[in-house]
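Take a look at the structure below.
Residue numbers run from 1 in the order of the sequence given. All values derive from a computational prediction rather than experimental measurement.
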Amino acid sequence: MNEWKTDVLVVGAGAAGMMAAGTAAELGARVVLLEHNDRLGKKLYITGKGRCNVTNCCTPQEVLQNVPRNSRFLYSAMEAFPPEEVMAFFEGLGCRLKVERGNRVFPESDKAASVIDALRAYLKRTGVRVVTAHVQSLQTADGAVTGVITDQGTFAAGRVILCTGGCSYPLTGSTGDGYDMAASVGHTIVEPRGSLVPLEVAEADECRAMMGLSLRNVAVRMKNQKGKVAFEDFGELLFTHFGVSGPTILSASAHRKEKDSYTIEIDLKPALDEKKLDERILRDFEKYQNRDFENALGDLLPSSMIPVVVARTGIHPAEKVHSVTKQQRRTLLETMKRFTLTVTGARPVKEAIVTAGGVKVSEVDPKTMASKKCPGLYLAGELLDVDAYTGGFNLQIAWATGRAAGRAAAGAVKEDTK
């Protein structure tokens, strides 16, 4: 079997892996980046609906406020490579950026390929050797890492950085292999589960009738069984054959606790308080007073939603608008201000945008991303038990932890040669 030797091996060419590899090489280490996909950054191509939400234009502290689990672990890495520096890094590579609603940062081209091209150029400039190979296991001696075994042979190195991602979107290469590798050298794996994942609801038949309908400016409130608001947001929501998805729902899912039950309240007209909405309904009813009830709601609701809302009000679809009572009108108003769905569960982890769970962070040095279980091993990105809400925060975690691991690994190589 072939055998190659280098200073630093990086396993996985996603966001964290490419950042770690380029950083270590830039600091003088000989680096080999191993990727089993036929192209680099495959998952990056689908982030931000293909536009790649690079980061969030905010302070490190604000990033951490958007990390629901283990945010303190990220403090050092985030301070060392904050969003401001991430943006300067990509701009320096010729990838022009822009800031949109919610401080989300995207390439000016609106194409994820611009970000990946910039990273590919960075790897080339710093001399990273990219090899297409499937890593099968870590190689160790006396408890320390010595390299990896792949389907292309053995690669020897005193420093290995695992950046294999989680297990969401397995078609992009996130197969969960990294969990097995980390566990093989003594790491505890917090059970992976979907974070930022679509939700299933009891009213799936209604959602199926509206499948494909995207509501762009709605207020979403998720409540637990005690009626306490666990999450609220304003933005986009998508009806699917099983329930709901879209940015507001994905963010809400990160606030779900498995042991609790939840309802989702959708305010279809958040810009109007109840008094103004009632006045609006009255104007439409006066305008369409001789129509059937179901044919008088076209100015208020999307067409695919009308039959569902009508059924919820209990008003007969053929009831003439001029016959609708004040109480019936009130029911319509309440349905529109509080369109409620009952959450029954989340979609499988393979459909999640981000994986929650992973390598237990107490077993990793937060400044260097070095394993406390296996000398010479580093871990970065989604493989770790950290995840954030939507808005560029998860990629910011990948850049920051990848940068920290790359710096530390290169520094350790220099120490070895002294």
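- Taking 4.5 Å as the limit, some side-chain heavy atom of Val386 sits within range of a side-chain heavy atom of Val361.
- In this structure, the side chains of Asp292 and Lys320 come closer than 4.5 Å at one or more pairs of heavy atoms.
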Notebook entry, point to check: Can Met210 and Val308 be said to form a side chain to side chain contact (heavy atoms under 4.5 Å, CB included), step by step?
Noted result: CA-CA 8 Å; Met210 299 182 285; Val308 175; 3.9 Å; yes
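- Considering only heavy atoms from C-beta on, Val128 stays 4.5 Å or farther from Tyr122 through its side chain.
- The shortest distance between side-chain heavy atoms of Tyr378 and Val8 does not fall below 4.5 Å.
- The closest donor-acceptor contact from the side chain of Thr401 to the backbone of Ile397 lies under 3.5 Å.
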Next item on the list: List the steps and the verdict of side chain to side chain contact (heavy atoms under 4.5 Å, CB included) for Arg104 and Arg51.
Entry: CA-CA 11 Å; Arg104 290 169 165 82; Arg51 297 172 61 216; over 6 Å; no
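- In this structure, the ring-ring contact (aromatic ring centres under 6.0 Å, His included) partners of Tyr389, at least two apart in sequence or on a different chain, are His255.
- Residues Leu332 and Ile281 form a side-chain contact, since some pair of their non-hydrogen atoms from C-beta on lies under 4.5 Å apart.
- Across Val229 and Arg221, no two heavy atoms sit closer than the pair CG2-CD, 3.5 Å.
- At a threshold of 4.5 Å between non-hydrogen side-chain atoms, the residues Phe293 and Phe285 count as touching.
- Salt bridge Asp267/Arg338: absent, no basic N to carboxylate O contact under 4.0 Å.
- Residues Leu383 and Gly178 come closest through the heavy atom pair CD1-C, 3.6 Å.
- Residues Ala77 and Ala400 come closest through the heavy atom pair O-CB, 3.7 Å.
- For Lys360, the NZ atom counts as loosely surrounded, since its 6.0 Å shell holds 12 or fewer non-hydrogen atoms of other residues, nucleotides or ligands.
- Nearest heavy atoms, Leu9 versus Gly147: CD1-CA, 4.0 Å.
- Within 6.0 Å of the NZ atom in Lys98, the count of heavy atoms belonging to other residues, nucleotides or ligands exceeds 12.
- Between Met181 atom CE and Ser137 atom OG the span is 8.0 Å, to the nearest 0.5 Å.
- Ionic pairing of Asp117 and Arg120 is present here: one or more N-O contacts between side-chain nitrogen and carboxylate oxygen are shorter than 4.0 angstrom.
- Heavy atoms only, all atoms of each residue included: Leu250 and Ser253 are closest at O-OG, 2.5 Å.
- Between the side chains of Ser251 and Thr390, at least one donor N or O sits under 3.5 Å from an acceptor N or O.
- Interatomic distance, CD of Glu236 versus OG1 of Thr248, reported as 8.0 Å (0.5 Å rounding).
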Return all side-chain donor-acceptor pairs below 3.5 angstrom for residues 80-96, not counting sequence neighbours, or 'none' if the list is empty.
residue	atom	partner	partner atom	Å
Glu91	OE1	Arg96	NE	3.4
Glu91	OE2	Leu97	N	3.0

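- In this structure, Thr331 contributes its side chain and Gln327 its backbone to a donor-acceptor pair below 3.5 Å.
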Notebook entry, point to check: Given Thr132 and Glu35, is the side chain to side chain contact (heavy atoms under 4.5 Å, CB included) satisfied, shown in steps?
Noted result: CA-CA 5 Å; Thr132 302; Glu35 170 57 48; 6.0 Å; no
Let me have the donor-acceptor pairs involving side chains of residues 53-61, under 3.5 Å, with sequence neighbours excluded, atom names and distances please.
residue	atom	partner	partner atom	Å
Asn53	OD1	Gly392	N	2.9
Asn53	ND2	Thr55	O	3.0
Asn53	ND2	Val105	O	3.1
Thr55	OG1	Gln396	OE1	2.7
Asn56	ND2	Gly102	O	3.0
Asn56	ND2	Gly391	O	3.0
Thr59	OG1	Glu62	N	3.1
Thr59	OG1	Glu62	OE1	3.3
Gln61	NE2	Glu79	OE2	2.8

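- Looking only at side-chain heavy atoms (C-beta outward), Met336 and Leu301 come within less than 4.5 Å of each other.
- Note that CZ of Arg283 is 9.5 Å distant from CG of Leu300, once rounded to the nearest 0.5 Å.
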Next item on the list: Before giving the answer on salt bridge (Lys or Arg N to Asp or Glu O under 4.0 Å), spell out for Asp7 and Arg159 the whole-Å C-alpha distance, their side-chain angles and the decisive distance to 0.1 Å.
Entry: CA-CA 6 Å; Asp7 295 327; Arg159 303 291 179 271; over 6 Å; no
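- Listed here is the closest heavy atom pair of Leu44 and Cys52: CD2-SG, 4.1 Å.
- Ion pairing of Glu191 with Arg193 is absent here, as no side-chain N (NZ or NE/NH1/NH2) approaches a carboxylate O to less than 4.0 Å.
- Atoms NE2 and CG, on His187 and Leu384 in that order, are 9.0 Å from each other to the nearest 0.5 Å.
- Residue Tyr75 qualifies as open at atom OH: its count of foreign heavy atoms under 6.0 Å is 12 or below.
- Shown here is Glu286, whose CD atom has no more than 12 heavy atoms of other residues, nucleotides or ligands within 6.0 Å.
- Between the Asn70 side chain and the Phe73 main chain, no donor and acceptor come within less than 3.5 Å of each other.
- Within the 4.5 Å cutoff, the side chain of Thr188 has heavy atoms near those of the Glu363 side chain.
- Between the side chains of Thr23 and Arg403, at least one donor N or O sits under 3.5 Å from an acceptor N or O.
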Checklist line | side chain to side chain contact (heavy atoms under 4.5 Å, CB included) between Met18 and Leu33, intermediate numbers included | finding: CA-CA 8 Å; Met18 286 190 281; Leu33 175 59; 4.2 Å; yes
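- To the nearest 0.5 Å, atoms OH (Tyr45) and CD1 (Ile116) are separated by 4.0 Å.
- Between Arg330 and Asp278, none of the side-chain N atoms (NZ, or NE/NH1/NH2) sits under 4.0 Å from a carboxylate O, so this pair counts as no salt bridge.
- The main-chain N or O of Arg39 is never found under 3.5 Å from a side-chain atom of Asn37 such that the two would form a donor-acceptor pair.
- Sparse packing is recorded around NZ of Lys276, with 12 or fewer heavy atoms of other residues, nucleotides or ligands lying under 6.0 Å away.
- Evaluation of the ring-ring contact (aromatic ring centres under 6.0 Å, His included) test over residues 299-342, restricted to residues two or more places apart or in two chains, returns none.
- The stretch residues 196-213 participates, sequence neighbours left out, in these side-chain hydrogen bond (donor to acceptor under 3.5 Å, both in side chains) pairs: Glu200-Arg347, Glu203-Thr342, Asp205-Arg208, Glu206-Arg312.
- Side chain of Asp177 to backbone of Val135: no donor-acceptor contact under 3.5 angstrom is found.
- Put simply, OH on Tyr179 and OG1 on Thr164 are 7.5 Å apart, with the number rounded to the nearest 0.5 Å.
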Sequence neighbours excluded and cut-off under 3.5 Å, please list the side-chain donor-acceptor pairs for residues 257-266, or say none.
residue	atom	partner	partner atom	Å
Tyr262	OH	Lys257	N	3.1
Glu265	OE2	Lys223	NZ	3.3

